[in-house]
Amino acid sequence: MNIPFIDLKSQYENYKEEINKEVLSVLESTQFILGPQVTKLEDSLATYTGAKHAMVCSSGTDALLLALMALDVKSGDEVITTPFTFIATAEVIAFLGAVPVFVDINEDDYNIDASKIEEKITSKTKAIMPVSLYGQVADMDAINEIASRYNIAVIEDACQSFGADYKGKKSCNLSTIGCTSFFPSKPLGCYGDGGALFCNDDALAHKIRVLLNHGQEERYKHKYIGINGRLDALQAAILNVKMNHFEDEVAKRFEIGKRYTKLLEDSLHVKAPQVLDGRTSVYAQYSILCQNREELMKQLNAAGVPTAVHYPIPLHLQEAFAYLGLKEGDFPVSEKVSKGIMSLPMSPFLTREQQDFIVASIKG
Ligand SMILES: *Cc1c(COP(=O)(O)O)cnc(C)c1O
């Protein structure tokens, strides 16, 4: 049985006519930067999330960078985040000369442990940057409550959770700024790099829009030091087609995730991901915690089931962050989970037969 880890091929086959038509129309129009496809996408992203403003940009990493820039995070500032994430989250903090201050995760959803945030707040703390990992939103109510008491901003790294629900609201619209990624394998992916920022504040939205276009308010009048962080029209056209099918894909992802969990219920050596009360998951990854990961990976790969590890090394143990002087044992939950976590094939196009085969391969 041929099982892709993320089935982009089936997705393209399903929407091929629409995608080809829209891509061709951009080529014919020669409007490659900004333009109507980009505006249309921003409108539908704002409507979907309920955020007043959506600004598309060049990647999820750039979205996070722009969020920090818009909040004037600079050298010497501190930003609280999780060590159990993709490097981009903390990379952009360090890139601006600020200090990533890590707080360990909890074992329920693998997101930042909100009860451990307050003890890390200092007079230098500018923002809290929780990550909604694997497609499930972090404990945003608790995080927002702490942030509002200290008058600091919250940036949701929603690069894996676009489409997820949190107490009746959408991920990306739960804090000062929400950031997502349209990297091809994300729940809403384009055919290259892309991302978006979301917020409800008019002035902040304007600043983000200016920053991502070289700090330019009017042509050749530059108010800020910005970046070239625009999304191109071809990617916007592809995303506009995928947005038409997104609701349906999110429902399928949730069903497939629930079915995995049900099928794995009686497996003693793996722990299925939990979806906490008041939340849904878009399962950017369906990740199980294994007692003996390396052995199980070998077993699955021998059966033809592709697997991946998100993420094998927590950020405080990465060479790039050695200068922070952190060590093994500083964030025990992140360290434990990084040693046991493993992602299974996941996409809205995963069939029941494929899923049954994967689970049978796990059970040996
Ligand atoms: C993918 C991802 C990013 C970066 O997004 P890109 O579009 O690849 O730059 C940042 N944070 C998390 C949690 C991600 O999964």
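These numbers come from the heavy atoms of this one structure, side chains and all, not from hydrogens, waters or symmetry mates. For ligands, and for the atoms within them, numbers begin at 1 and follow the listed sequence.
The atoms of ligand 1 that sit less than 4.0 Å from any heavy atom of Val131 are 13 (C). In summary, the atoms of ligand 1 found under 4.0 Å from a heavy atom of Thr85, numbered by their order in the structure, are 13 (C). For ligand 1, the atoms lying closer than 4.0 Å to a non-hydrogen atom of Ala88 are 4 (C), 10 (C). Each of the atoms 5 (O), 6 (P), 7 (O) of ligand 1 lies under 4.0 Å from some heavy atom of Ser181. The distance from ligand 1 to the heavy atoms of Gly60 drops below 4.0 Å at these ligand atoms: 5 (O), 6 (P), 7 (O), 9 (O).
Between Tyr48 and Phe162, the distance separating the two ring centers is shorter than 6.0 angstrom.
For the pair Phe183 and ligand 1, the shortest N or O to N or O distance does not fall below 3.5 Å. The shortest N or O to N or O distance between Asp193 and ligand 1 is not under 3.5 Å.
Here the side chain of Glu42 pairs no donor or acceptor atom with the backbone of Thr39 at under 3.5 angstrom. With hydrogens and angles ignored, the 3.5 Å screen pairs a side-chain donor or acceptor of Asp77 with a backbone N or O of Lys74.
Counted by atom type alone, Gln160 and Gln136 present zero donor-acceptor pairs between their side chains at under 3.5 Å. Side-chain contact annotation: Gln11 with Ser347, donor-acceptor N/O pair under 3.5 Å absent.
With respect to atom 10 (C) of ligand 1, the closest heavy atom belonging to the protein is Cys159 SG, 3.5 Å. Atom 2 (C) of ligand 1 has Lys186 NZ, 2.5 Å as its closest protein atom, hydrogens excluded (heavy atom only). The protein heavy-atom contact nearest to atom 11 (N) of ligand 1 is Asp157 OD2, 2.8 Å.
With a heavy-atom cut-off of 4.0 Å, Thr61 touches ligand 1 through backbone and side chain alike.
With Leu41 as the partner, the side-chain contact (heavy atoms from CB on, under 4.5 Å) test is satisfied by one option alone out of Val38, Asp43, Leu45: Leu45.
Ion pairing between Asp248 and Arg253 fails under the 4.0 Å rule for side-chain N and carboxylate O. Between Glu249 and Lys242 there is no salt bridge, since no side-chain nitrogen of the basic residue lies less than 4.0 Å from a carboxylate oxygen of the acidic one.
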